[in-house]
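The figures that follow rest on heavy atoms only: side chains count, while hydrogens, waters and symmetry mates do not. In listed order, ligands and their atoms are each counted from 1.
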Amino acid sequence: MTELVHFPMLIGGKPAEAASGITFQSETPYTRQPWADVPDGSAEDVDAAVDAARAALDGEWGRMTGFARAACLRRLGDLVTEDADRLARLEVQDSGKLYREMLGQLRAIGGWYHYFAGVAQGLEGRQIPSPNPDYLVYTRREPVGVVAAITPWNSPLLLMTWKLAPALAAGCTVVVKPSEHSPVSTLGFAELIGQAGFPAGVVNVVTGLSRKVGEHLVAHEGVDKVAFTGSTATGRAVARAAADRLIPATLELGGKSPQIVFPDADLDAAANGLVAGVFAATGQSCMAGSRLICHVDVHDELVRRVAERAAAIRLGDPFDEHTEMGPVANRPQFEKVVGYLDAARDEGATVAYGGAADDQLGGYFVSPTVLSVTPASTVFREEIFGPVLSAVTFTDEDEAIKLANDTPYGLAGAVWTKDVHRGHRVAARVRAGSVWINAYRVVAPNVPFGGYQQSGIGRENGAEAVDAYLETKAVWVELTGSTRDPFILG
Ligand code: NAD
């Protein structure tokens with residue numbers, strides 16, 4: 001057996017082991033072998049991290065200007081870019097995602113810290129004209145406080161960055177809790193925090209095998225805000241815990257996003273967009289475009305083209321530059337995807353390609369799968385979080401929109417058409433936080449991202465993301481020095 005690499009947590013600016021001394025192992029899904037061991041933190045470690053975050057907020061960090069915070073954010077962006085290769089490798093080992101994709105993602109992540117450095121420098125209150133001329137009124141934007149940032153196992157560093165960068169821009173301090181399935185890259189990233197010049201305790205990372213670690217963090221009386229990405233079921237539990245404490249929660253949850261293809265669409269472009277939407281990242285993407293809503297006239301041809309491309313997808317070692325799809329990230333997820341494929345067969349889906357696990361490579365591999373189904377099918381309705389595309393047909397625009405919106409989710413969607421009027425018209429009627437016209441799976445630091453309905457609450461990225469980490473204070477200044485009637489309002 002190869003020797004396991006070990007990474008400590010980060011608490012109060014120092015590397016930290018779990019108070020219990022216990023560690024747990026992280027498995028690499030390509031070989032199904034453990035490759036790293038990390039601290040198995042518990043409530044005691046969460047308490048220490050929250051205390052450190054509070055102390056940092058009350059200390060030097062709390063007194064720093066937006067310009068000084070921006071300088072730290074910019075340095076962190078530079079460091080992540082310089083270290084992209086090492087961090088990408090940690091993500092690949094932990095989650096089986098393609099090295100090619102993760103390297104690109106890690107190189108892009110620096111842009112988020114740079115963008116939010118600009119936001120930190122530009123935070124402004126406003127001077128409000130008072131209806132009563134005896135007062136000067138202005139607002140201050142103040143950090144909401146200590147933030148609990150809880151992330152899932154797909155793209156841990158990107159999804160952490162979507163929380164960390166705006167939280168730090170706002171002047172908050174943060175306790176990050178990565179997923180028990182892929183904790184390592186976040187610990188590797190933590191090594192850069194001190195180098196970027198953040199005072200001790202501004203960013204802390206706690207890992208733990210039990211879901212109780214996240215639970216304890218959200219319920220902690222020292223936490224002022226929760227930023228969560230994960231499943232809708234866990235999001236509900238997090239929202240309940242936040243409601244009990246009356247603290248705000250930003251929730252980025254699941255999705256079952258539609259891709260609507262009209263008969264005038266460029267079918268090659270649409271087929272490519274469908275592949276990008278549901279087979280990239282082995283379909284383990286919250287924004288996966290997993291529901292194909294296709295005009296009846298082009299269904300057979302489009303499904304044929306997507307199935308043909310799916311058949312040519314190279315499965316294999318995620319470190320190999322020729323590999324196009326790696327394994328599913330962990331055993332429970334693999335079992336879940338295979339369970340959905342069984343359900344599709346039982347419910348009479350027509351399999352254009354795939355439909356089963358691929359046992360030849362040893363890892364948690366599933367064949368890219370293209371199914372034609374009915375709108376009532378389980379695979380068309382429920383989030384699978386795997387490489388499974390389910391297609392249904394429509395005959396007119398209203399029916400397409402009805403099918404697209406017939407879901408409890410609302411994270412993303414796409415419209416494929418060459419008709420510019422129709423493109424905008426349909427995009428406006430799809431109830432989702434992001435809609436691409438003739439494209440799929442594009443994000444940027446300055447463009448808001450988030451869900452309607454059960455896909456979440458609040459937005460990450462974009463100018464409005466920072467609002468979730470700020471309180472607004474109105475300051476009233478009496479200008480005349482006179483005494484007023486104490487028994488009337490205003
Ligand atoms: P998950 O909900 O199982 O876990 C997410 C995180 O929450 C993990 O760190 C976990 O340890 C922690 N956690 C578990 N129970 C908790 C509790 N009671 N209180 C606090 N924290 C708790 O999700 P997952 O399986 O890791 O990720 C897959 C899901 O994430 C999918 O549903 C996917 O759609 C969603 N996702 C959404 C987005 C988005 O931006 N909308 C992005 C990526 C993934």
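- When the heavy-atom distances from atom 5 (C) of ligand 1 to N330, T229, L251 are ranked, the shortest goes to T229.
- Taking distance alone, with nitrogen or oxygen atoms compared against 3.5 Å, L253 approaches ligand 1 more closely than that limit.
- At least one N/O-N/O distance between E180 and ligand 1 falls below 3.5 Å.
- Residue N154 has no N or O atom closer than 3.5 Å to an N or O atom of ligand 1.
- Protein heavy atom closest to atom 16 (C) of ligand 1, with residue, atom name and distance, is T234 CG2, 3.4 Å.
- Of the protein's non-hydrogen atoms, E215 CG, 3.4 Å is the one closest to atom 18 (N) of ligand 1.
- Of the protein's non-hydrogen atoms, T151 O, 3.4 Å is the one closest to atom 8 (C) of ligand 1.
- Considering W153, Y340, F334 in turn, W153 is the only one that fulfils the ring pair (Phe, Tyr, Trp, His ring centres under 6.0 Å) rule with F385.
- By heavy-atom distance, the residue among P152, C286, G254, G230 lying nearest atom 35 (C) of ligand 1 is G230.
- Against a heavy-atom cut-off of under 4.0 Å, W153 is close to the following atoms of ligand 1: 24 (P), 25 (O), 26 (O), 27 (O).
- Salt-bridge check for K163 with E460: passed, with a basic side-chain N closer than 4.0 Å to an acidic carboxylate O.
- Evaluated by nearest non-hydrogen atom to atom 4 (O) of ligand 1, the leading choice among K256, E460, H181, R211 is R211.
- In this structure, of G255, P178, S231, S455, the residue bringing a heavy atom nearest to atom 2 (O) of ligand 1 is S231.
- For atom 7 (O) of ligand 1, the nearest non-hydrogen atom from the set Y409, F228, F385, F449 comes from F228.
- In terms of N/O distances under 3.5 Å, ligand 1 is not approached by W162.
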